[in-house]
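Take a look at the structure below.
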Amino acid sequence: RRRRRRPPCDDEFDDSLRERDVLAMDGALEALRESGAGDSVSSRGLRAAIRPPASYWNGFMLCLQDPCDPLANPEGHIALCVAENKLVQEALATRLMRPDTAMTAFSQSDVYSYNGFLGLSAVAYFLERRFLMTDGDDVSTTGSVTGDENTEIRMEGALTGVRSNVTEERDMDHGPGSDPDRIDPEHVALGSGCGSLLSNVLQSLCNAGDAVLIPAPYRAAFDNDVRSIACCAPFPVPVSDMRKGPSKEDLEAAALRAERLDQRVRVLLLTNPHDPTGVVYRPSSLRRVVAWARERKMHVIVDEVYALSVHEDGGPIPPFKSVVRVLRNSLRDDVHMLYSLSKDFGAGGFRFGVLYSQNTLLLRALANLNIFSGVSHPMQRVVSEILTDDQFVDSFLSDARAQLRWSYTLCARKLEEMVVPFFPATGGLFLYADFSGLLPEFSFDGEERFAALVRDAARVVLTPGSSMHDKRPGMFRLCYAWVTPDVLEIAMERLSYLVTKIRRNHGNWDALDLSTLSDVTKCGMPLGMRRNPSIDLRGLTHAR
């Protein structure tokens, strides 16, 4: 059925789950126009002002206003809806508060002036070492790589933001983008977070109204990133097997559906490791989707923001390999990789996003667009020092993975006790669980009622699958790294107790109200008692 097309920068809701949001926005827009209140801004401003927040936003606000604390406020609210790693922030802060780091940020005159990007060489070094290197590379904590005597020289150049003479000689020998063993700093762009970079990349690659295919379920914020400035249409791709990633059949069916709606399919947007399932795509899966996109003359953007938060599952699940490595650093002009410090380093507030692309025309466009969303020079200096401190990064990431593994195990074991199915995750900061068997009815209205009960009775806020365009009601993302393990354990105990109560009522939701569930927030491990952890954090460098 052909639907009426909206103007490109209006909200295109191609997923039927959002139809009621469209109706609500249309109603709010009409009310503002009739009252005359909407005359103070443009129609674009109105659309931005009335765009509905995430369905769990009000619950998240409760978590900020009344946070759970095991000792001071054990019955407070707990947010398991934010994909951010707070477990590592103390370790990062300790490193950043060294006096020499502050000196790096503010002692040199070039940070106070308009300049080119100062941190490109440092970021290129980091990407080369963490994303590109092949199996068997011998990397020491000093940054030298066996067989490459130039690495230490290039790291010193990264710290000053100046490319070394050795690097320039290699450019002349190999030509830009042709050396499979290195990342050219000229192919790196910085921006204030992945969201702004993604928006600017789409602004440069697409025309208004073009479709961006995104395997669903997907990170809810992508809708805003794709629509707001670039005026593109996010187009969910139902995936038949999330563990294997989107098949050619999945992608082709979605592309044909978009074309039937008169939308040009221009970009495929992937997240690897995947959000919300935590699945790591196999190299063969990445090669398959890139080949499909190239047959259609499309671009592929791979968001690898969780790349270094792969904590392994111990099963036959492949370790993470960057698309840069999978394609042997031959991205051509149609594959682009995004990264930021927001997830792996728990530093979303730094607003430090990275694009690696070998499309020189795209990079020239971003040089103009990023003037509106650049990274400050002091921040570039600080990040350059951190990213080239291999000894710190090695230790930091090792400890971060151990802490993620502990929290993931705690969460997974409790879901197993509840007999709630979930995707075994290899990476990321979350776990994707199927609560559909507990819904009052198998629908998205039922999902909304269940989410409200969890929020009000257990005071735990989850991310519902409907906000991530999942077609199956009852799926929820649990983000386990935004809270300490003690608070996470309280949240999981509350969830377990609430699930038990629902089952004992045999689905009689009329008997479930806050008066009968008043004891849910009182459950949890008694003070001073904790399970034996699945791993011992006492030996970690940055243990609390």
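Everything numeric in this text was worked out from a predicted model, so none of it was measured.
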Residue list, ring-ring contact (aromatic ring centres under 6.0 Å, His included) with His274, at least two apart or on another chain: none
ring-ring contact (aromatic ring centres under 6.0 Å, His included) involving Phe450 - partner list, sequence neighbours excluded: Phe435, Phe476
Beyond-backbone contact of Val302 with Leu338, side-chain heavy atoms, under 4.5 angstrom: no
Residues, nucleotides or ligands: over 12 heavy atoms within 6.0 Å of Phe372 CZ: no
Any Leu270 side-chain heavy atom under 4.5 Å of Ile301 side chain: no
Of all pairs that satisfy salt bridge (charged side-chain N to carboxylate O under 4.0 Å, His left out), the ones with a partner from residues 71-84, not counting sequence neighbours: Glu75-Lys522
From Ser436, Ser466, Ser467, residue fulfilling side chain to side chain donor-acceptor pair (under 3.5 Å) relative to Glu447: Ser466
With sequence neighbours excluded, residues passing salt bridge (Lys or Arg N to Asp or Glu O under 4.0 Å) with Asp303: none
Leu80 and Ile78, any side-chain heavy atoms less than 4.5 Å apart: yes
Check: Tyr218/His469 side-chain N/O donor and acceptor closer than 3.5 Å: yes
Within-4.5 Å side-chain heavy-atom neighbours: Thr463 and Pro276: no
Test log, rule side-chain contact (heavy atoms from CB on, under 4.5 Å), inputs Val265 and Met298: CA-CA 7 Å; Val265 180; Met298 291 171 54; 3.6 Å; yes
Nearest heavy-atom neighbours spanning Gly209 and Ala233: O-CB, 4.3 Å
Rounded distance [0.5 Å steps], CE in Met468 versus CE in Met475: 8.5 Å
Charged N-O contact under 4.0 Å between Glu417 and Lys414: yes
Flag side-chain contact, heavy atom, 4.5 Å: Val267 against Val226: no
Nearest atoms (heavy-atom pairs only) where Glu489 meets Leu410: CA-CD2, 3.9 Å
Euclidean distance, Arg351 CZ relative to Ser342 OG, rounded to 0.5 Å: 5.0 Å
Side chain to side chain contact (heavy atoms under 4.5 Å, CB included) partners of Ala511, counting only residues at least two apart: Asn505, Asn508
Note: Asp519-Arg494 ion pair, threshold 4.0 Å (strictly below): no
Audit row: Asp275, Tyr306, side-chain hydrogen bond (donor to acceptor under 3.5 Å, both in side chains) steps and yes/no: CA-CA 9 Å; Asp275 181 357; Tyr306 300 104; 3.2 Å; yes
Contacts of Ala79 that satisfy side chain to side chain contact (heavy atoms under 4.5 Å, CB included) - sequence neighbours left out: Phe60, Cys63, Cys81, Trp482
Under the side chain to side chain contact (heavy atoms under 4.5 Å, CB included) test, residues paired with Cys479 that sit two or more places apart: Ala83, Phe430, Arg477
is_close_aromatic(Phe131, Tyr339), centroid dist under 6.0 Å: yes
Sub-4.5 Å side-chain heavy-atom contact between Ile214 and Pro236: no
Qualifying residues under side chain to side chain contact (heavy atoms under 4.5 Å, CB included), relative to Arg503, sequence neighbours excluded: Val419, Val420, Leu438, Val499
Lys86 NZ to Thr484 OG1 distance, which is reported to the nearest 0.5 Å: 10.0 Å
Leu387 side chain reached by Leu341 side chain, heavy atoms, under 4.5 Å: yes
Donor + acceptor pair across side chains of Asn200, Asn370 (<3.5 Å): yes
Exercise: identify the closest heavy-atom pair between Leu87 and Pro485: CD2-CD, 4.0 Å
Minimum heavy-atom distance Val354-Leu197, with the two atoms named: N-CD1, 3.4 Å
Exercise: do Ser309 and Asp344 side chains pair donor with acceptor under 3.5 Å: yes
Within 6.0 Å of NZ in Lys501, more than 12 heavy atoms from elsewhere: yes
Full working for side-chain contact (heavy atoms from CB on, under 4.5 Å) between Tyr281 and Lys244: CA-CA 7 Å; Tyr281 291 145; Lys244 295 181 179 179; over 6 Å; no
Mutual orientation of the aromatic rings belonging to His311 and Tyr480 [parallel < 30°, tilted 30-60°, perpendicular > 60°]: perpendicular
Contact check, side chains of Leu62 and Val461, non-hydrogen atoms, under 4.5 Å: no
Working for side-chain contact (heavy atoms from CB on, under 4.5 Å), residues Gln263 and Glu259: CA-CA 5 Å; Gln263 290 179 317; Glu259 288 168 351; over 6 Å; no
Contact summary for Pro217 and Asp470, nearest pair of heavy atoms: CG-OD2, 3.6 Å
Nearest heavy atoms of Val239 and Pro215, plus distance in Å: CG2-CB, 3.7 Å
Salt bridge (Lys or Arg N to Asp or Glu O under 4.0 Å) involving Asp510 - partner list, sequence neighbours excluded: none
Neighbour count >12 (heavy atoms, 6.0 Å) for atom CG, Leu256: yes
Partner set under salt bridge (Lys or Arg N to Asp or Glu O under 4.0 Å) for Asp250, not counting sequence neighbours: none
Step-by-step side-chain contact (heavy atoms from CB on, under 4.5 Å) determination, Asn272 to Phe320: CA-CA 8 Å; Asn272 186 35; Phe320 171 83; 3.4 Å; yes
Arg264: salt bridge (Lys or Arg N to Asp or Glu O under 4.0 Å) partners, not counting sequence neighbours: Asp210
Selection residues 420-435 - residue pairs positive for salt bridge (charged side-chain N to carboxylate O under 4.0 Å, His left out), sequence neighbours left out: Asp434-Arg472
